[in-house]
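In what follows, a structure is listed as structure tokens, so that the remarks can point back to it.
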Amino acid sequence: MSRRGHELFEDELDDFEPRYKEVKNWVEELFERKSDADKVDQDIEIQLTKKQTLILSTLVPDEVLLMDKDERVAKMTALRAMHIVQTEECSVVNICDTYCNALQVVLDRGAPEATAEIEQMAAHSLKKLPNPIQADELFAIGKLFMTSFRARMARGELAPTVRAGFRALTVSRFLLAEDVSLELIPDLFYILLTRRRIAEAVDILQFALRTGQDHMSYESETWYHALCIDLILDAGFQLVSPQDISRFAEYSISRGKSAGPSRRRLVVGLWTYWLRVDSERRAKRFESESLSWAAHQDDGSMTTLLSAMRLAEGMLESLARKMDDLRKVVDLMELRSIADRELARLENDARVLRALHPRWCLLRANSCMLSGRLPAANVFFNQALEGAKKMNNRLEEAIARATNSNSVMWIQNARKGHFLHWREGEEYALASVRVVTMTDKNIVFVGIIASSSSLDQLVISSGYIAVQDGKITKTGSSKEFDTLEKAGEFSNYKVIKLSRDQFIIPGFVDCHTHAPQFPNIGLGLDRPLLEWLAKYTFPLEKKYSDTDFAAKVYDQVVQRLLKNGTTTACYFGSLHVDGTLELVKSAVKHRQRALIGKVSMNKENDAGYYNDTKKELEEVETFIKKVLAYQNELVEPVVTPRFAVSCDKELMDGLASIAKKYNCRIQSHISENLSEIEYVLETNPKCTTYGDVYDESGILNEKCIMAHAVHLTDKELSLLPKKGVSVAHCPASNTRLKSGLCPVRRIINANITVGLGTDVSGGDNASILDAIRRTMDVSMCLEMQGSPDCALNWKEAFYLATLGGAKALNLHHKIGNFEVGKDFDALLIDVYSMGGQIDKYEGALPTTTDEYAVELLQKFIFVGDDRNIAQVYVKGEKVKDIL
Ligand SMILES: Nc1nc2[nH]cnc2c(=O)[nH]1
């Protein structure tokens with residue numbers, strides 16, 4: 001490395017400009033004065049060269065006309081110094097200073113790429129040095145780390161930046177060089193956040209606060225807290241409670257402790273903070289002062305840039321809020337021109353600091369969106385995403401997505417006169433972004449395709465499905481595909497040709513499962529229904545008052561179901577609004593189609609797990625409104641009276657009218673267990689059947705899905721289809737809780753629509769593939785016991801898991817099979833996937849191509865598991881890929 005540096009030096013020296021020669025002569029003159037050639041000479045030369053380097057590198061164009069040449073001279077002197085430290089024996093301080101200067105020169109030239117090589121040379125030189133002993137040596141090394149930190153940041157290499165930052169911080173702490181620490185911390189903190197290293201980021205923040213406490217001046221004390229609020233706002237949705245710090249910041253301002261830049265940071269930080277938490281009144285107090293900062297010159301530092309960005313963000317938020325208020329048009333115009341000016345100013349800085357470029361693009365996107373320039377907004381938005389992806393910066397990517405969706409939501413809601421809490425933006429994010437991020441908008445799958453058109457019609461054939469923007473636009477045979485492809489019909493499509501052992505089926509539909517019960521899966525199955533509920537289930541569900549716990553569990557649950565190919569799930573949540581909203585968030589985040597209900601109960605139980613009727617009805621409406629506000633076409637609320645054992649008539653009447661008001665589905669349980677039925681009839685003496693109890697309250701209609709229905713009477717078998725009620729058949733839990741063998745064929749013959757449910761944790765398996773098998777088993781047991789109804793075969797069970805489920809949930813116009821116009825919710829099955837359960841036996845009995853396809857599907861249905869579900873698509877978007 002030293003050779004390369006040296007060669008570079010010699011080459012460039014040849015065509016040097018006269019001005020450099022002047023400086024060089026001057027250096028040489030000085031050098032000759034100390035011509036004793038002892039060790040001191042090297043040091044003097046380096047000192048002089050370093051000084052020249054710095055002087056020349058900081059010359060600005062106004063002062064020197066020949067800027068280019070001076071930059072080159074600066075570079076040459078830096079190289080010259082490097083040459084010396086590489087070839088002569090020099091002190092630690094000189095070596096470090098030389099590399100610092102060289103890095104700085106290159107950074108000043110705006111060529112951060114070149115710093116990588118200098119860093120390597122520095123590392124090489126430092127390796128040869130003895131351990132630093134003196135404080136000045138250590139300080140020089142710390143300074144070099146600090147410069148490396150800046151260089152790496154400019155190169156956009158965030159992980160190495162963090163390493164250099166920590167090294168510099170360690171040295172500065174050791175030397176009690178608090179100024180250095182505090183200069184470093186904001187950037188380091190920001191980068192840690194962008195790498196999702198939240199714990200370390202918070203440690204650093206605490207360190208900054210501790211350091212701040214030791215400082216005596218008001219100015220610095222305020223600065224630390226200003227810094228904190230700044231940083232916390234950067235952390236955005238990741239840190240829990242910025243309120244306390246914002247209060248402290250306000251206190252500092254009101255007591256007049258802050259001044260200068262710290263006041264600016266505080267004021268701008270507070271303004272945006274209060275805007276974001278929807279407190280316009282409080283925000284107003286800081287608005288004019290915040291905006292007046294826009295006219296101020298800045299020092300171009302990273303922290304100032306961040307503040308300025310925040311300022312622009314705040315302005316954009318403020319604009320969004322004022323969109324519809326004509327009386328504020330003047331404000332609006334003023335704000336917009338300030339925002340535009342601010343944004344233009346930021347552009348240059350952001351380009352230099354590559355790490356910030358995505359943020360800048362995002363601000364531009366927001367600004368365009370606000371002024372109705374949607375195509376331009378999309379271009380900027382995509383640039384932000386691309387930039388974030390290039391840097392492998394997941395947080396920045398997430399922020400880009402969230403912000404885009406936020407601004408859409410802000411504007412949409414502002415027009416309707418609602419202002420959203422900024423935190424909610426994150427929740428809306430992925431839904432509206434999906435369209436933008438979908439990598440393959442046009443896909444065509446070619447190979448074996450299997451789907452049902454009715455209970456007794458399963459079509460398995462070789463063909464194609466064309467998908468555009470998540471919807472099925474064309475289907476046909478393989479031959480038709482070949483013809484169309486030759487005619488160039490699919491030139492804009494990504495063509496996915498399946499292998500011989502793969503096929504496509506519709507996504508599975510789970511019509512009934514309890515998300516909060518997943519931690520109990522496989523446990524406590526030793527009691528019948530009512531005892532099981534009291535002993536194991538209610539105590540667990542009560543825990544979901546803890547939203548953090550809820551968030552963690554639900555994130556796992558949704559991913560588990562998607563992994564198993566459940567593209568649509570109809571969930572029971574718990575009694576809690578916020579807890580159940582976490583389930584909504586997870587479904588939105590992982591892009592699962594989901595119907596989600598906040599459970600309603602108002603009858604007392606031992607666990608104390610129930611609600612007051614009035615409060616319950618209010619909470620159900622709140623929940624519905626919050627889910628609807630997502631405007632997510634995949635996720636819908638469901639009114640969910642748990643069952644007639646835990647809900648009285650007043651509550652059920654109220655819930656029925658809420659369902660009507662919001663045109664929602666209703667889900668509940670019916671006739672699962674004999675003791676349950678006995679209790680319901682005892683407590684509703686006027687009713688002769690369980691079904692009547694629900695019917696009296698107006699619960700039964702074509703948007704209602706009832707789970708279990710193991711022990712329906714003939715009267716109920718005629719009432720349910722009349723009302724259009726569907727049934728979720730849950731064979732696993734009916735067996736595990738000894739509820740009974742549900743006569744599914746009989747229910748189907750009564751003209752009731754049936755889908756399948758896993759009913760975790762009464763059921764012990766989250767997979768609908770398992771429910772298919774258990775459906776066949778239970779049905780076969782009934783036949784073997786002499787039931788006149790014949791058992792369901794695998795094709796019929798497959799129908800129940802797909803189109804049957806879609807019909808039961810009233811979603812068959814959108815999903816369930818591959819009819820043109822439906823959403824593409826599908827599974828790509830790889831029958832002989834590595835590590836799976838299904839082995840391939842070469843040379844077994846010969847089959848035709850058609851027979852082979854049927855065998856593949858059969859093997860998957862009877863023997864397969866999630867390892868064979870290679871890809872999962874929901875509305876055309878890939879949500880699982882293990883291919
Ligand atoms: N299987 C089952 N049946 C119920 N009936 C009322 N609640 C429940 C439940 O959580 N699981």
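Start at 1 and go down the list; that is how both ligands and their atoms are numbered. Owing to the predicted nature of the structure, the values given are computational and were not obtained by experimental measurement.
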Proximal atoms of ligand 1 relative to [X] (non-hydrogen, under 4.0 Å):
| X | answer |
| --- | --- |
| L533 | 6 (C), 7 (N), 8 (C), 9 (C), 10 (O) |
| Q517 | 9 (C), 10 (O) |
| W532 | 2 (C), 9 (C), 11 (N) |
| L529 | 2 (C), 3 (N), 4 (C) |

According to the interplanar angle, ranging from 0 to 90°, do the rings of H512 and H669 count as parallel (below 30°), tilted (30 to 60°) or perpendicular (above 60°)? perpendicular
Could you label the plane-to-plane angle of the Y544 and Y554 rings as parallel, tilted or perpendicular, counting under 30° as parallel and over 60° as perpendicular? parallel
Is a donor on one side and an acceptor on the other found under 3.5 Å between the side chain of [X] and the backbone of [Y]?
| X | Y | result |
| --- | --- | --- |
| T640 | V638 | yes |
| S779 | L792 | yes |
| E877 | V874 | no |
| K703 | N663 | yes |

Using distance alone, determine whether T537 and ligand 1 share an N or O pair under 3.5 Å. no
For E796, which residues count as a salt bridge (Lys or Arg N to Asp or Glu O under 4.0 Å) partner, sequence neighbours excluded? R745
For ligand 1, indicate whether the residue H514 contacts it via side chain, backbone, both or neither (heavy-atom separation under 4.0 Å). side chain
Closest heavy-atom approach to atom 6 (C) of ligand 1 among H669, M601, E676 is made by H669
Tell me whether H708 reaches ligand 1 (any heavy atom closer than 4.0 angstrom to a ligand atom). yes
Among all protein heavy atoms in this structure, tell me which lies nearest to atom 3 (N) of ligand 1, with the distance rounded to 0.1 Å. E672 OE1, 2.7 Å
What residue and atom, counting heavy atoms only, is the protein's closest point to atom 7 (N) of ligand 1, and at what distance? R642 NE, 2.8 Å
